[in-house]
**Q** 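Before I ask anything, let me first share the structure, which is written out below as C-alpha cells.
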Amino acid sequence: VHGFPGETYVTGMVAAANNPGLKVVTISIDGSWMTPEAQITATEKVVATLSEADPENKGTYEKRAADYKDRVRAKENELRSRLSKADVTSLKPISSGFQAPFAAWAGMKVVGTYMTPESLTPQAVKALVDKGRAAGVNLIIDNVHSGRDAGKGLAEGLGAKRIVLVYFPGGLDNTETWEKAIDYNIDQILKAAGK
C-alpha cells in the first residue's frame, strides 16, 4: 500500500482476503508519486519487498524493474525536452499541496498551497488571494483526487488560469498508466504556458 490517507479501503480488503499469512507492506515515498524520481524509488522499494518475500523470482523482479526504470528515464528525458521548449518558469502557481512537488519538478516556483476543499475557509482563501496578488500568481493547480474544483474560487479571485492534474494513474480517461498520466499533466501545464 502507499500509505495515503485515502487508502482506508485497504483494511477491509485485507480482512476480506481472510488470509492470516498475508503480509501488508507500506511503500512510502517523499514528494509526488508522479515524478520520475519517485517512480524509480518506489520501483526499487517494491522490488526489494517482493524479492524478500519471493527470493526464487528475485531475478525476474529485478529485470522487469530495470526495464521499467529505463522507460521512466526515457519518459523523463522526453518531458524535460518538452518543458524546456516552453516557458513554464513564467507560471507562478498556487497549488494543491498534493501537486506542489510535481509543479516544482516541472520547473515552476510554487507561491502557496492548499489541501482539500474543506481547508479553504474564507480566511484561508483571503490569505492565499492576498499572497497571490503580491507574488503575481497566474495559475491555480487543482488535484483531481482531492477536490478538482477546490481552487476555482482562487482562480476567479486572482484572474488566474486553472488546471486540474492527476496525482496517480486512472483518475481521468486515458490516464491509466503512469506514462499516460504524466503526459496528461504535462499537456495541461504546457497549455497553461500557452504552448
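Numbers here are sequence positions counted from 1. Scope of the values below: all heavy atoms of this structure, side chains included, with no hydrogens, waters or symmetry mates. What you see is a predicted model, and the numbers here were worked out from it, not measured in a lab.
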**Q** So, are Asp187 and Arg82 salt-bridged, with charged N and O less than 4.0 Å apart?
**A**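 Looking at Arg82 together with Asp187, the answer is yes, because their closest N to O distance falls below 4.0 Å.
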**Q** Going by heavy atoms in the side chains, are Val125 and Leu154 under 4.5 Å from each other?
**A**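 Counting from C-beta outward, Val125 and Leu154 do come under 4.5 Å.
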**Q** Counting C-beta onward and ignoring hydrogens, is there a side-chain heavy-atom pair between Val46 and Val25 closer than 4.5 Å?
**A**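 Not touching, per the 4.5 Å side-chain cut-off.
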**Q** With a 4.5 Å limit on heavy-atom distance, are the side chains of Pro93 and Val110 in contact?
**A**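 Side-chain contact under 4.5 Å: yes.
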**Q** Compare every heavy atom of Gln99 with every heavy atom of Tyr167, then report the nearest pair and how far apart it is.
**A**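 Minimum heavy-atom contact is N-NE2, 3.5 Å.
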**Q** Against Leu128, only a single residue in Leu120, Val137, Leu158 fulfils side-chain contact (heavy atoms from CB on, under 4.5 Å); can you say which?
**A**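 So, applying the side-chain contact (heavy atoms from CB on, under 4.5 Å) to Leu128 and each of Leu120, Val137, Leu158, only Leu120 qualifies.
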**Q** Got a sec, which pairs hit side chain to side chain donor-acceptor pair (under 3.5 Å) with one end in residues 20-32, sequence neighbours left out?
**A**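 Listed once each, the pairs would be none.
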**Q** Measuring centre to centre across the rings, with the benzene-like ring taken for any Trp, is Phe168 within less than 6.0 Å of His145?
**A**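 Yes - the distance between ring centres of Phe168 and His145 falls below the 6.0 Å cut-off.
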**Q** Give the minimum heavy-atom separation between Ser90 and Asp87, together with the two atoms involved.
**A**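 Smallest interatomic distance, heavy atoms only, reads OG-O, 2.6 Å.
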**Q** Measure the shortest side-chain to side-chain distance between Glu78 and Asp183 over non-hydrogen atoms and say whether it is less than 4.5 angstrom.
**A**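 Side chain of Glu78 against side chain of Asp183, heavy atoms only: contact under 4.5 Å found.
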**Q** Heavy-atom count around Lys69 NZ within 6.0 Å, excluding the residue itself: above 12?
**A**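 More than 12 within 6.0 Å, yes.
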**Q** For Ala100 versus Ser95, what's the shortest heavy-atom pair and its separation?
**A**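 Answer, listing the atom of Ala100 first, then Ser95: N-OG, 3.3 Å.
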**Q** Does the side chain of Val144 reach to within under 4.5 Å of the side chain of Tyr184, using non-hydrogen atoms?
**A**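 No; the side chains remain at least 4.5 Å from each other.
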**Q** Mind checking whether Val47 and Glu62 have side chains closer than 4.5 Å, heavy atoms only?
**A**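 They are in side-chain contact.
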**Q** Nearest heavy-atom pair of Ser81 and Ser84: which atoms, and what distance?
**A**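 For Ser81 and Ser84, the tightest heavy-atom pair comes out as O-OG, 2.9 Å.
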**Q** List in chain and number order the residues that pass side chain to side chain donor-acceptor pair (under 3.5 Å) with Lys131, two or more places apart in sequence or in another chain; answer none if no residue qualifies.
**A**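 By the side chain to side chain donor-acceptor pair (under 3.5 Å) rule, Lys131 matches no residue at all.
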**Q** Are Tyr114 and Asp142 close enough, and set up right, to give a side chain to side chain donor-acceptor pair (under 3.5 Å), and what steps lead you there?
**A** CA-CA 9 Å; Tyr114 55 91; Asp142 273 329; 2.4 Å; yes
**Q** Nearest 0.5 angstrom please: Asn185 CG to Thr35 OG1, how far?
**A**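 Rounded to the nearest 0.5 Å, the CG-OG1 separation comes to 11.5 Å.
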**Q** Is the shortest heavy-atom distance from the side chain of Glu52 to the side chain of Leu50 under 4.5 Å?
**A**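 No; the side chains remain at least 4.5 Å from each other.
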**Q** Does the pair Arg162/Glu156 count as a salt bridge with the N-to-O cut at 4.0 Å?
**A**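 Salt bridge: no.
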**Q** Going through the checks in order, is the side-chain contact (heavy atoms from CB on, under 4.5 Å) test met by Ile94 and Thr113?
**A** CA-CA 5 Å; Ile94 290 177; Thr113 62; over 6 Å; no
**Q** Do Gln39 side-chain atoms and Arg73 backbone N/O form a donor-acceptor pair below 3.5 Å?
**A**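 No: the side chain of Gln39 does not pair with the backbone of Arg73.
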**Q** Tell me if a side-chain donor or acceptor on Arg133 pairs with a main-chain N or O of Gly157 at a distance below 3.5 Å.
**A**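 Yes, the answer is positive, given that a donor and an acceptor are paired below the 3.5 Å cut-off.
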**Q** Side-chain contact test, heavy atoms from C-beta onward, threshold under 4.5 Å: evaluate it for Val164 versus Gln188 and give yes or no.
**A**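 No, side chains not in contact.
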**Q** Work out which heavy atom in Ala124 is nearest to a heavy atom in Ser119; give both atom names and the distance.
**A**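 Scanning both residues completely, I find the closest heavy atoms to be CB-O, 3.5 Å.
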**Q** Cluster partners of Met108, using ILVMFWY side-chain heavy atoms under 4.5 angstrom, listed by chain and number?
**A**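 Via sub-4.5 Å side-chain contacts, Met108 links to Met34, Ile40, Tyr68, Val72, Leu79, Leu83, Val88, Leu91, Phe102, Trp105, Leu139, Ile141, Ile163, Leu165, Trp178, Ile182, Ile186, Ile189, Leu190.
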**Q** Verify, without hydrogens or angle tests, whether Lys92 (side chain) and Asn138 (backbone) share a donor-acceptor contact under 3.5 angstrom.
**A**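 Side chain of Lys92 to backbone of Asn138: no pair is present.
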**Q** Would you call Asp67 and Lys63 a salt bridge, using N to O less than 4.0 angstrom?
**A**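 Yes.
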**Q** Please determine, by modelled atom types, if Thr175 and Asp173 share a side-chain donor-acceptor pair under 3.5 angstrom.
**A**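 No - no donor-acceptor pair under 3.5 Å links their side chains.
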